[in-house]
Amino acid sequence: REDLYVRQQAPRPERRARKLRAPSYPYEQWLSIALSQLRIPHVAGKPIGNVHRAAIAFPAQRQLIDVQAHGDITTPALRPTGSSDLRRRQMQELGWAVNSMTLRE
């Protein structure tokens, strides 16, 4: 009987719509809107070296803004975690000047 069997996979067009992609964060949009109002050319959510994602990048100057979210800062010392520091160093090794900021800034 057909009513006893349930489809295991979604139809092909639905699976294509659910492709994996890098998540976008609201702070990227906030920064992008502010920079757009100031008419500063930038790229929001730029992948760096196919490993990391920078919130805002200025490719012509090789500068980027790395936002440290709540998971990137220790409590109560408010110091960057090891993974955040490693991300900053790897982006610097790839030739980018990194400007880090926290969500509170």
Side-chain angles (χ1 to χ4, degrees):
R1 290 181 19 194
E2 299 253 348
D3 59 338
L4 296 177
Y5 299 102
V6 179
R7 267 187 130 163
Q8 296 298 323
Q9 289 184 340
R12 193 170 301 273
E14 292 175 13
R15 281 186 285 165
R16 285 191 188 133
R18 288 186 281 144
K19 282 185 180 178
L20 292 176
R21 63 178 181 225
S24 63
Y25 299 101
Y27 53 79
E28 290 176 1
Q29 295 171 355
W30 300 335
L31 289 171
S32 183
I33 289 169
L35 290 170
S36 295
Q37 289 174 348
L38 294 171
R39 296 188 176 145
I40 298 174
H42 65 282
V43 178
K46 178 167 178 62
I48 305 294
N50 292 327
V51 178
H52 302 292
R53 182 181 173 122
I56 300 291
F58 306 99
Q61 295 87 12
R62 300 282 293 175
Q63 298 268 337
L64 59 89
I65 297 174
D66 181 34
V67 178
Q68 295 179 345
H70 301 294
D72 296 327
I73 298 175
T74 60
T75 306
L78 299 177
R79 283 189 238 140
T81 60
S83 62
S84 175
D85 197 34
L86 176 66
R87 180 177 66 229
R88 181 185 51 80
R89 282 187 276 141
Q90 286 177 342
M91 288 190 285
Q92 286 175 340
E93 287 293 322
L94 291 170
W96 290 87
V98 181
N99 301 307
S100 297
M101 63 182 287
T102 62
L103 282 177
R104 301 180 108 184
E105 295 174 351

Linking I/L/V/M/F/W/Y whenever their side-chain heavy atoms sit closer than 4.5 Å, directly or via other members, would [X] and [Y] fall into one cluster?
| X | Y | answer |
| --- | --- | --- |
| Leu94 | Ile65 | no |
| Leu64 | Met101 | no |
| Leu38 | Tyr27 | yes |
| Ile40 | Trp30 | yes |

Item to check | Exceeds 12 heavy-atom contacts within 6.0 angstrom, atom CZ of Arg89 | outcome: yes
To the nearest 0.5 Å, how far apart are [atom1] in [X] and [atom2] in [Y]?
| X | Y | atom1 | atom2 | value |
| --- | --- | --- | --- | --- |
| Ile48 | Arg62 | CD1 | CZ | 7.5 Å |
| Asp72 | Arg87 | CG | CZ | 4.5 Å |
| Lys46 | Trp96 | NZ | CH2 | 5.0 Å |
| Gln68 | Thr81 | CD | OG1 | 7.5 Å |
| Met91 | Leu86 | CE | CG | 9.5 Å |
| Glu28 | Ile33 | CD | CD1 | 12.0 Å |

Item to check | Where His42 and Ser36 come nearest, the two heavy atoms and their spacing | outcome: CE1-OG, 3.5 Å
Checklist entry - Considering all heavy atoms of both residues, which atom of Ile56 and which atom of Ser32 are nearest to each other, and what is their separation? => result CD1-N, 3.9 Å
Item to check | Full working for side chain to side chain contact (heavy atoms under 4.5 Å, CB included) between Ile73 and Ser84 | outcome: CA-CA 8 Å; Ile73 298 175; Ser84 175; over 6 Å; no
Next on the checklist: Using the rule given for salt bridge (charged side-chain N to carboxylate O under 4.0 Å, His left out), can you reason through Arg88 versus Asp66, listing the C-alpha separation, both sets of side-chain angles and the distance that settles it, and then say yes or no?
Outcome noted: CA-CA 8 Å; Arg88 181 185 51 80; Asp66 181 34; over 6 Å; no
